[in-house]
Protein chains: 2
Amino acid sequence: MILVHMRLSARVDYAIRAVIELATIEPVVAGKPPAEFPITSERIAKAQEIPPKFLESILLQLRRGGVVNAQRGPEGGYWLARPADQISLAQVIEIIDGPLSQVRGHVPAELDYQGPARTLQEVWVAVEAQERRMLEQVTFAHLASGQLPF
Amino acid sequence: MILVHMRLSARVDYAIRAVIELATIEPVVAGKPPAEFPITSERIAKAQEIPPKFLESILLQLRRGGVVNAQRGPEGGYWLARPADQISLAQVIEIIDGPLSQVRGHVPAELDYQGPARTLQEVWVAVEAQERRMLEQVTFAHLASGQLPF
DNA sequence: CATTACCCTACTAAGCCGATAGGTTAAATC
DNA sequence: GATTTAACCTATCGGCTTAGTAGGGTAATG
């Protein structure tokens with residue numbers, strides 16, 4: 001929401017933590033299932049204390065968004081579709097919650113302010129740009145390693 | 001809100017535009033009513049196309065927050081409680097919508113992440129700080145004059 | 001073919017949001 | 001002092017979103 005208002009939904013928070021969990025366990029090569037078993041939804045749910053069925057629907061969304069792959073059956077589970085350093089926070093947030101910035105349901109660029117309020121639009125656009133810059137910069141490789149780029 | 005998600009509610013959007021309107025009409029000296037009449041809620045509502053009764057409740061909130069003063073009766077209305085260059089965007093946003101940044105209803109500093117997700121908290125805190133820096137920097141003097149500090 | 005774990009749709013309770021209704025109180029005017 | 005004006009204040013409401021659950025379908029393994 002920001003903003004301009006950074007308001008993170010439970011859904012996004014859970015999604016990010018789930019991806020971190022996948023990025024932490026083991027490195028991924030070109031989106032192939034890892035040498036060991038993939039990680040089950042249930043295991044992630046326990047590790048991060050996320051309601052199991054809720055997480056399931058989030059992982060489904062992440063798969064459709066191209067962030068994770070999945071396999072069914074025994075020894076099934078989830079793994080990252082790309083190396084962790086090619087998945088940014090911004091990507092996961094937008095897959096789950098839609099566009100980063102909104103003002104009354106509209107993206108800042110398409111607002112139609114009157115008179116002196118017009119300068120306001122420039123502010124929202126600038127804040128959004130700054131926010132986007134940060135969130136695109138941080139990858140899940142950073143998060144998994146605990147090393148931030150700032 | 002962001003974020004991390006810049007999500008601006010209609011309420012905040014209206015509040016900001018109302019304060020811009022007050023800041024634009026005439027300068028304020030030490031919170032005293034202006035030489036001419038104060039500006040009525042109805043006039044602001046028309047100028048900025050805001051639902052009148054909704055705006056009324058917003059102005060009430062702004063008065064309780066110390067941003068505007070009001071006077072009742074004929075020739076009554078609203079005016080800025082301080083000079084426009086001493087009212088920041090951040091102040092108005094927080095008066096109307098509460099804390100700038102929230103993650104699942106909590107402010108970033110009081111989150112309790114487990115294991116590798118702990119680094120995440122640093123990200124939220126950093127994003128919030130950056131956002132706050134911008135929004136505290138922009139005052140309604142800037143907005144009224146159309147000159148942004150960046 | 002039985003088990004496991006993902007897939008998918010539908011649903012629900014609760015809360016928030018935008019907005020309105022309608023009356024109360026204070027200040028100015030006549 | 002009666003009237004008018006405009007702010008003050010509370011309550012309410014419909015609609016949407018959010019967080020979370022239920023329950024069955026489907027693919028992979030052995």
Side-chain angles (χ1 to χ4, degrees), chain A residues 1 5 7-18 22 33 36-46 48-65 67-81 93 96-99 102-106, chain B residues 1 5 7-18 22 33 36-46 48-65 67-81 93 96-99 102-106:
Chain A
M1 200 156 171
H5 243 152
R7 298 273 154 113
L8 205 56
S9 68
R11 202 170 174 82
V12 167
D13 184 43
Y14 293 156
I16 291 168
R17 281 157 54 194
L22 291 175
E36 305 111 59
F37 301 138
I39 301 162
T40 66
S41 174
E42 201 191 348
R43 183 168 155 202
I44 298 172
K46 279 190 181 144
Q48 288 289 332
E49 299 184 69
I50 301 172
K53 290 295 277 183
F54 195 29
L55 176 60
E56 224 180 286
S57 76
I58 291 166
L59 286 168
L60 185 62
Q61 206 173 344
L62 287 173
R63 192 190 52 102
R64 287 173 176 164
V67 167
V68 305
N69 289 333
Q71 190 173 78
R72 302 198 237 197
E75 306 190 1
Y78 299 89
W79 64 95
L80 296 186
I93 293 172
I96 300 293
D97 265 10
Q102 290 180 19
V103 179
R104 290 195 359 262
H106 300 89
Chain B
M1 183 222 202
H5 244 150
R7 297 270 155 113
L8 203 57
S9 67
R11 203 172 173 80
V12 167
D13 184 43
Y14 293 157
I16 291 168
R17 281 157 53 194
L22 291 175
E36 305 114 55
F37 302 137
I39 301 162
T40 66
S41 174
E42 200 191 346
R43 183 170 154 201
I44 298 172
K46 280 191 179 144
Q48 288 290 331
E49 301 184 66
I50 302 170
K53 290 296 278 183
F54 195 29
L55 176 59
E56 225 181 284
S57 76
I58 292 167
L59 286 166
L60 185 61
Q61 208 173 342
L62 287 173
R63 192 189 54 100
R64 287 175 176 161
V67 166
V68 305
N69 289 333
Q71 191 173 77
R72 300 199 239 195
E75 304 190 3
Y78 298 89
W79 65 96
L80 296 186
I93 292 173
I96 300 294
D97 265 9
Q102 289 182 22
V103 179
R104 282 184 20 250
H106 300 89

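Quick caveat, the model's predicted, so the values are computed rather than measured. So that the names make sense, note that chain A is the first sequence line, chain B the second, and so on, each numbered from 1.
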Rounded at 0.5 Å granularity, tell me how far [atom1] in [X] sits from [atom2] in [Y].
X: B/Ile16; Y: B/Arg11; atom1: CD1; atom2: CZ; result: 13.0 Å
X: B/Leu62; Y: B/Asn69; atom1: CG; atom2: CG; result: 11.5 Å
X: A/Ile50; Y: A/Glu56; atom1: CD1; atom2: CD; result: 12.5 Å

Gap between atoms [atom1] and [atom2], on [X] and [N] respectively (whole Å):
X: A/Leu59; N: C/dC6; atom1: CG; atom2: P; value: 8 Å
X: B/Ile96; N: C/dC17; atom1: CD1; atom2: P; value: 12 Å
X: B/Leu60; N: C/dT25; atom1: CG; atom2: P; value: 15 Å
X: B/Lys53; N: C/dG18; atom1: NZ; atom2: P; value: 18 Å
X: A/Ile58; N: C/dC8; atom1: CD1; atom2: P; value: 16 Å
X: B/Leu8; N: C/dC17; atom1: CG; atom2: P; value: 12 Å
X: B/Gln61; N: C/dC17; atom1: CD; atom2: P; value: 11 Å
X: A/Glu56; N: C/dC8; atom1: CD; atom2: C1'; value: 10 Å

For residues A/Ser41 and A/Pro52, report the shortest heavy-atom separation together with the two atoms involved.
OG-O, 4.2 Å
Using heavy atoms to find the nearest nucleotide of DNA chain C for A/Glu75 and B/Phe54 separately, return the residue whose nucleotide is more 5′.
A/Glu75
At 4.0 Å (heavy atoms only), tell me whether [X] reaches a base, stays on the sugar-phosphate, or touches nothing.
X: B/Glu42; result: nothing
X: A/Ser41; result: sugar-phosphate
X: B/Arg64; result: sugar-phosphate

Do any N or O atoms from the side chain of A/Gln61 and from the backbone of A/Ile96 form a donor-acceptor pair under 3.5 angstrom?
yes
Between which nucleotides of DNA chain D, 5' to 3', does chain A make heavy-atom contacts below 4.0 Å?
D/dA19 to D/dG30
Taking side chain as C-beta onward, heavy atoms only, is B/Tyr78 less than 4.5 Å from B/Ile39?
no
Quickly, which of B/Val67, B/Leu60, B/Leu59 forms a side chain to side chain contact (heavy atoms under 4.5 Å, CB included) with B/Arg63? Name it, please.
B/Leu60
When the nearest nucleotide of DNA chain D is assigned to A/Pro74 and to B/Thr40 on a heavy-atom basis, which residue is associated with the more 5' position?
B/Thr40
